[in-house]
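Worksheet: one structure, shown below.
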There are 2 protein chains.
Amino acid sequence: MGLRERKKEKTRLAILDAALDLFLEQGYESTTVEQIAGAVEISPRTFFRYFTGKDHLVLLFHDHAEDLMLEALASRPADEPPFTCLMQAMRAVLADLQAATPEDAARFLKLRRLLDEHPRLVGLSVARGARTEQHLAEVIAARRGVDPAQDQLTHLIVAWAMSTMRVGFECPRREGTFEEVQHRMAESIALAERSLRPGWDL
Amino acid sequence: MGLRERKKEKTRLAILDAALDLFLEQGYESTTVEQIAGAVEISPRTFFRYFTGKDHLVLLFHDHAEDLMLEALASRPADEPPFTCLMQAMRAVLADLQAATPEDAARFLKLRRLLDEHPRLVGLSVARGARTEQHLAEVIAARRGVDPAQDQLTHLIVAWAMSTMRVGFECPRREGTFEEVQHRMAESIALAERSLRPGWDL
DNA sequence: ATGACTTATGGCACACTGTGACAGAAAGGT
DNA sequence: ACCTTTCTGTCACAGTGTGCCATAAGTCAT
C-alpha cells in the first residue's frame, strides 16, 4: 500500500473524527462543512471529495454494515430459512463491532449518541436502511426463487428483519456499552422469534 | 370561513399540483422552487411560507395519514390487541383514500408514480414514517401500560405494523388503481397475520 | 364607505450545501 | 532527473432555506 493511499485513509479518519466531535459539541445542523474542513486543515472542496456531504459521515457505519450483511448472507447455507439467515447477518455486524479497534468502537458510540440527540439523523439512518432493505430483498428473493418485484412475502421478511435490528440498536436510547447493545440485540431477536410462527418465512 | 383562508387553501393546492406535475415531467431534483413558484405566480419566498421545502410537498400525504391513524387508534376499544389495532388504523387510511375527491385521488396516484421513479423520495418517505412510528409507539405503549423508553416489544409491534403497511403500499411498484392498492394492502395484512403467533402482541 | 387593524406577500440580503472547471502541488514509476 | 497520474485548492456558480422590512391585501369596526 503506497504512501498516497495511507495518507488518504488518514485524512478520511481525521475528517470523520473531527466531524463527530464537532457534531456532538455544537450540534449537527449548526456545524458547517467549512468548520470541519478547517479543523483538519483541508479546503471545503476537498471535504466533498472524501464524502458526498455531511450526511455521508453519519452513514459510514451503515455502508459498512450493509457490506457485512451481504457478505454474511452469501456464506449462509442455501436451505437456511430467510429470516434466520438475516438474523445471522445481523450477528455478523455485531461480531465485527466487537472485533473493532478501540478507535472504531469510540466512533460507533459517538455516532450512537449523535443519533440520540438528533431525530433528523435517525430519519437519515432509516432512509439509508431502506436502501439496504432493497439489496437484501434481492438476495432473499433469489434464495427463495421468486421475483422480488412480485413477491410480497420476501419484502415482509426483509422489512421485519430490518425492523428487528433497528429496535435492537435503537431502543433504549441511553448510554450503552457494546455488551449492552449486544444484549439488547439478542433480546430483540428472541422477541422476534418468539412472535413468529415457525416456518412463516419459507 | 373567510376569503383569506379559502384563498390560502387554493394557493396551497395550486402549488402542490403544479409541483407534482413538474416533478413528474422533468424529475424531482431538476425542478427548482423558482420554477414551481413561477408556475403559480408567487414569489419563491412565499413558497417557503406554505411549505417548509420541496420535501414537504412529497410528505403531505404522510402528514395526513399520521393524523388519521392517531385518530383511528384513539377510537379503537382498549382491549383490542395492539397489532390488530394498528391494522385497523391502516384501514382507516385506506378508507379515507377511497372517500377522497377525484382531485385528491389524482394527487395520490401522482405521488405514487413519483416515488416509483425517485428512490431518494422513498428514503424521505421512510424517514417520515419513522417519525410516525415514534408517535404510534407512544400511543401503543400507553395502551399496553408500559414505558415506551423501556419496552422493546412495543417498538417491535409498531415497527412491524409500519413495515406491513409499507410493503402493502409500495410493492409492487407498477401503476395501480385504488382497488389494486387496497387489494395489495389486504394481501399484506393477511400475510402478516398468517405469519404471527396469535397473542404475540399482548 | 372610511379608517384602523391584522395578516399575507414580495424583495432583499445572507449563510450554507454541493458541483464543475482549471491550475498547481504531491506522489508514482522510469 | 523526468514524465505521468492523482490529489488539492481556488474560483465561480446554482440551488435551498431564513431573517428582515416595507407594502399590499383582507378583515372588522363605526
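All values derive from a computational prediction rather than experimental measurement. Numbers restart at 1 for each chain; the letters A, B, ... are given by sequence-line order, proteins then strands.
- Here C/dT7 presents its P atom at 16 Å from CG of B/Leu3, a figure rounded to the nearest Å.
- Look at CD on B/Glu5: it is 17 Å from C1' on C/dT9, rounded to the nearest Å.
- OP1 or OP2 of D/dT8 sits under 4.0 Å from a side-chain N or O of A/Tyr50.
- Ring pair A/Phe178/A/Phe108 is parallel by interplanar angle, where below 30° counts as parallel and above 60° as perpendicular.
- The nucleotide whose nearest atom lies closest to any side-chain atom of A/Phe48 is, among C/dG10, D/dG9, C/dT19, C/dT19.
- In this structure, NZ of B/Lys10 is placed 15 Å from P of D/dA25, rounded to the nearest angstrom.
- If you measure from atom CD of B/Gln35 to atom C1' of D/dT16, you get 14 Å, rounded to the nearest angstrom.
- Judged by distance alone, the side chains of A/Ser188 and A/Arg184 never bring a donor and an acceptor atom under 3.5 Å apart.
- With hydrogens and angles ignored, a donor-acceptor pair under 3.5 angstrom links the side chain of B/Arg49 to the base of C/dG10.
- Taking atom CZ on B/Arg6 and atom P on C/dT7, their separation rounds to 18 Å, with Å as the unit.
- A straight line from CD1 of A/Ile36 to P of C/dT17 spans 8 Å, rounded to a whole angstrom.
- Between the NZ atom of A/Lys7 and the P atom of C/dA25 there is a distance of 14 Å, given to the nearest Å.
- Taking 4.0 angstrom as the limit, B/Ser43 places none of its side-chain polar atoms (N or O) nearer than this to OP1 or OP2 of C/dG11.
- When the C1' atom of D/dG15 is taken as reference, atom NZ of B/Lys54 falls 8 Å away, rounded to whole Å.
- Between the side chain of A/Arg4 and the base of D/dT5, at least one donor-acceptor pair of N or O atoms lies under 3.5 Å.
- Ranking D/dG9, D/dG26, C/dT9 by closeness to the A/Arg45 side chain, first place goes to D/dG9.
- Atoms CG and OG1, on B/Leu57 and B/Thr31 in that order, are 10.5 Å from each other to the nearest 0.5 Å.
- When the nearest nucleotides of DNA chain C are assigned to A/Gly2 and A/Thr31 by heavy-atom distance, the more 5′-ward of the two goes with A/Thr31.
- Residue A/Phe51 is out of contact with every strand shown, counting any heavy-atom pair closer than 4.0 Å.
- When distances run from any side-chain atom of A/Thr32 to the nucleotides C/dA8, C/dG28, C/dC16, the shortest one goes to C/dC16.
- Here A/Arg107 pairs with A/Asp104 in a salt bridge; the nearest charged N to carboxylate O distance falls below 4.0 Å.
- With respect to B/Glu66 and B/Arg131, no salt bridge is recorded, no charged nitrogen being found less than 4.0 Å from a carboxylate O.
- Along DNA chain D, the nucleotide closest to B/Val33 and the one closest to A/Phe47 are compared, and the more 5′ of them pairs with A/Phe47.
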